[in-house]
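Structure in structure tokens, see below.
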Amino acid sequence: MLTKHQFQKLAVSLDGTLLFDDLHKTLYATDASAYRIIPLAVALPKTDADIVNLVHFANEHSISLIPRTAGTSLAGQTVGEGIVVDVSKYFTKILSFDPIKKTVTVQPGVIRDELNLYLKPFGLFFGPNTSTSNRCMVGGMVGNNSSGTTSIRYGVTRDKIIEIRTILSDGSTAVFKDLTSAEFLAKTNGTSLENSIYRSLHVELSDCKTQNEIKKEFPKPEIHRRNTGYAVDVLLQSDLFGGSQPTINVGKLLCGSEGTLAFTTEVTLQLDDLPPTNNVMVVTHFTSIQESLEAVLVAMKHHLYTCEMIDDTILDCTKTNKEQSKNRFFIKGEPKAMMLFEVASHESMEDAENQANALIKDLEEHQFGYASPKLYGVDIEKVNELRKAGLGLLGSIVGDDKAADSIEDTAVELSDLPAYIADFSAMMERHGQSAIYYAHAGAGELHLRPVLNLKTSEGVHQFRNIATEVAILVKKYRGSLSGEHGDGIVRGEFLPFMIGEKNYELLKRVKLAFDPNSVLNMGKIVNALKMDENFRFETDREEPEIQTLQDFSDSMGILRAAEKCNGSGDCRKLPSAGGAMCPSYRATRNEKDTTRARANALREYLTHSEKENKFNHKELYEVFDLCVNCKACASECPSNVDVASLKAEFLYQYQKANGYSFRNKIFANNAKMNAMGSLFPSLTNFVANLSFVKKAMGIAPEREVPFLAPHTLRKWLTDHLATPGTFDKGKLYLFIDEFTNYYDVQVGIDAYELLTKVGYQVLIVNHEESGRAFISKGFLEEAKLIAIKNVSTFAPLINDNCPLVGLEPSAILTFRDEYLRLAEDKAAAKQLAKNVLTIEEFFKREIGVGNIQEHQFTDEEKEIKIHGHCHQKALSSIEATFAMLNIPKNTRVTIYNSGCCGMAGSFGYEKEHYQISMQMGEDTLFPKVRSTAATTLIASAGTSCRHQIFDGTSREAQHPVSILRSYLK
């Protein structure tokens, strides 16, 4: 048993980081698979020397190294009992690029989409395109021989391997690349491990019996998407072993080996010319799975670039996903399955259109499909995003029955696909199962998932039984049990059956040649761990009862809300991928700061803690610390993991046990403090910004505490409220939030004047603050009282004809979000929420019905850039702001793709969070603002956003209401 001292000694010897605390071991115990194994430690190496050091340590202590990049593995490849070696933080460089040879050399932590952004100006790209392409990394793609949606045109990762630079299991280095037969044979001479590897491969694969056994038992060579064991069948293509190719590259063998043979440090890839830009996607709707698969055989004759399937289970999940529900615009009726057929042309859009029409005509003549709408441009991107979200969407299924990855990845020859799926469906019926079908139909590979409860022994029993029967079925068609997701734990156990015992023994000898001491990713591919052990959930465990103040019944409790996270890692995407999730990860690039980490940690401690208060763990405080409550995960996470709600509950429960800090009390009670301070605003503003006061409060010295206005908005409105009867457009109640009331009074005045002058009666009523500060600091009892009172106040007043309209997104949107978890009268809260609008939403609605028109505003020419508040993006829509500011005739409005500003209420003021807050702003927002012309107006509805923009760029941003007010005639 290794001691803490031994790990400390190893840590000191590394340039990178070694983590062996309970939190990090917990976070790296899972990936995107069903498995959970607590590692000994987690290493974040910075250099090749670090990896060599780790290899020597593993040999010395007979432990395993588990290579890991983004941790999106679906078969359990990146979990294990040894040291997880995460190269995603430091091994992220593009090392060289040759546009003439069309090759690029990268480190394994380079993200696929980031690589292609770099290559795009040169007219090149790396073809394999997984659904995780905005966060998956080249090292993982090599480990799994990834393929994705483009494989029918551009092949798989193995096809792109030019050279792999590795560290072998004894710490020596080796480069695997194309060799002639003579060069290969020369490598067999010598005493190094590399020489021994070449000798062993030569001896094994020169044997005619071995060659024949491989050809007989391995998947059909026509199935180009295959990850069955080690790719010894590919090496047989060399003339050295009876094939026709003049060269041989052992790097092709490493591709798909899941880090069990060598540790990759550099990869040189062959690139392709960018695909055509003239594209049409035909989305054909079917009444049955079988019909859709038969249609594929017809469609694939049309030289498709994409041929992807989505079934009705995934389509149903998109209805409740805030982000993907926007991408359902093309769906006609209730299809049982849809196929995404994409055609493209280098010549012209007319040619692409003709191809699409010919495809549709062919399908109609064969009587396939009941609708085939054609999509173009950004609409194709939206549909592809919906397809990519498939795996994550399955995690949003409420309850313990989940789409389980026991048979996820089977591939057969395309002509066998309809018959294979018919057999598969019949088998599933025998098991009382209705499986989920999606993904790469054009490549003969569907992702097939039964719905099982792996918390029960019956579910685990079904898991194995179904997997076993599917293996038999795949073998019948001489298919591949793994098309692209790898063998890992879930399929490794079936390899002897799939390729025969003799071939399996060969794979064991190959493993032994590369890794004599079994230090590289033990338990994967050969000598695999049992596929029905080491699950994320303990079988037949009594479900812990977790009492919460918020209502998590929509997820059947907070534990199941956390369990929605299936590890697909959408929260690891970088700013270039768009969206705002997850701001803290984007700033730190630490796994600890992902949405996934927070959900996994909460699940772990709520499940396994022996404490009476299961939330009372400092590790949970650490993992939630940098969550800025942006709510991006509530919409961008396909599984709808709302970490902001989880954090609020955690803080409440944790602080019940450990007390509330003085600063948190001040920030939470901000509205009450401001009510007192506003009696003498000048004095309050002076005192609040004294250095010693800020220091005592734990406020960053670089920040200026916002100034209280000379008078409150409520007082101004009381003095200026117009008499009824002079308005012809209707009436509304204005929510006077605590931020606008005390700080941004002029914004409130602008809103009132704008609304009244375009014909609306503005009403106010005595009401409570929004409770936003209480929620963000975990003061949920106080927030609950506020929610109850505000629902009680507004429910009788608000209806379709008289909405409640707010100016500060984080405040008004509590009615549509947190109040639904806090209010006691759920029916009243839900009904009220339907008629609660941001000011931008109200204007968009009224513009749409013609109540607000262009002629009411001046024709002044202005350019406007919009930065959206995170809560707007997650719970509302920035398009509403766009519509509102576009109403004047000569405004030119665009929306920044700007992520999170980083201020996040009080977060950016707190001294320990200041630097990370500014880094969040630097990720996307600040550079965009700095590059914006001085004459361009910057619109932002969030008071925090406006302060952060000023602090980070010295530019003044305005509320959209104030900008539109300035355009009034």
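As a basis for the values below, the full set of heavy atoms in this structure was taken, side chains included, without hydrogen atoms, waters or symmetry mates.
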Q. In terms of side-chain geometry, is the basic nitrogen of E469 or R430 positioned less than 4.0 Å from the acidic oxygen of its partner?
A.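 Yes, E469 and R430 are salt-bridged.
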
Q) Does F126 have its ring centroid less than 6.0 Å away from the ring centroid of Y154? A)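 No, too far apart.
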
**Q.** Check against side chain to side chain contact (heavy atoms under 4.5 Å, CB included), Y437 and M309
**A.** CA-CA 7 Å; Y437 306 76; M309 178 186 183; 3.8 Å; yes

Q: Report the relative orientation of the aromatic rings in H202 and F184; use parallel for angles under 30°, tilted for 30 to 60°, perpendicular for over 60°.
A: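 It falls in the tilted class, 30° to 60°.
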
Q: Salt-bridge test for D570 and R135: reply yes if a basic N is under 4.0 Å from a carboxylate O, no otherwise.
A: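 Yes, this pair counts.
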
Q: Using distance alone, with no hydrogens and no angle criterion, decide if D487 and S482 have a side-chain donor and acceptor under 3.5 Å apart.
A: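 The criterion, which ignores hydrogens and geometry beyond distance, is not satisfied for S482 and D487.
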
**Q.** Lys/Arg-Asp/Glu bridge criterion (N-O < 4.0 Å) met for K252, D159
**A.**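 So K252 does not pair with D159 through a salt bridge.
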
Q) Do NZ/NE/NH1/NH2 and the carboxylate oxygens of K301 and D362 come within less than 4.0 Å? A)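 Looking at D362 together with K301, the answer is no, because their closest N to O distance does not fall below 4.0 Å.
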
**Q.** Polar side chain donor-acceptor pair, E308 to T149, under 3.5 angstrom
**A.**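 No.
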
Q) Quick one: do the K524 and N521 side chains pair a donor with an acceptor below 3.5 Å? A)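 Side-chain D/A pair, K524 to N521: present.
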
Q. Under 3.5 Å, is there a donor-acceptor pair linking the side chains of H366 and E294?
A.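 No donor-acceptor contact under 3.5 Å links the two side chains.
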
(Q) Using a 6.0 Å cut-off, check whether atom NE2 of H431 has over 12 heavy atoms from anything other than its own residue. (A)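 Check passes, neighbour count above 12.
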
(Q) According to ring pair (Phe, Tyr, Trp, His ring centres under 6.0 Å), who are the partners of H224, at least two apart in sequence or on a separate chain? (A)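 Per chain and number, H224 pairs via ring pair (Phe, Tyr, Trp, His ring centres under 6.0 Å) with no residue.
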
**Q.** Whether Y477 and Y420 hold their rings parallel, tilted or perpendicular, with breakpoints at 30° and 60°
**A.**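 Rings of Y477 and Y420: perpendicular, over 60°.
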
Q.
Check this for me: does any side-chain nitrogen of one of K361 and E364 sit under 4.0 Å from a carboxylate oxygen of the other?
A.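 So K361 does not pair with E364 through a salt bridge.
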
Hey, can you pull the donor-acceptor pairs under 3.5 Å for the side chains in residues 214-221, sequence neighbours left out?
| unit_1 | atom_1 | unit_2 | atom_2 | d |
| --- | --- | --- | --- | --- |
| E217 | OE1 | K475 | NZ | 2.6 |
| K220 | NZ | E413 | OE1 | 3.1 |
| K220 | NZ | D416 | OD2 | 2.8 |

Q.
More than 12 heavy atoms of other residues, nucleotides or ligands under 6.0 Å from CD of E365: yes or no?
A.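 Counting other residues, nucleotides and ligands, CD of E365 exceeds 12 neighbours.
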
Q: Please determine if E445 and R225 form a salt bridge, counting it only when a charged side-chain N lies under 4.0 Å from a carboxylate O.
A: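 Salt bridge flag = yes for R225 with E445.
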
Q. Are R464 and E493 within salt-bridge range, i.e. N to O under 4.0 Å?
A.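 Salt bridge: yes.
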
Q: May I ask you to check whether T157 and N145 show a side-chain donor-acceptor distance below 3.5 Å?
A: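 Result is no, nothing qualifies.
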
Q) Should D409 and R449 count as an ion pair when the cut-off is N to O under 4.0 Å? A)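 Salt bridge absent between D409 and R449.
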
Q. How about M300: does its CE atom have over 12 heavy atoms from other parts shown lying under 6.0 Å from it?
A.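 Yes, because the 6.0 Å sphere around CE of M300 holds more than 12 heavy atoms from other groups.
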
**Q.** Residue pair T132 / T130, side-chain donor-acceptor N/O under 3.5 Å
**A.**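 Yes, side-chain donor-acceptor contact under 3.5 Å.
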
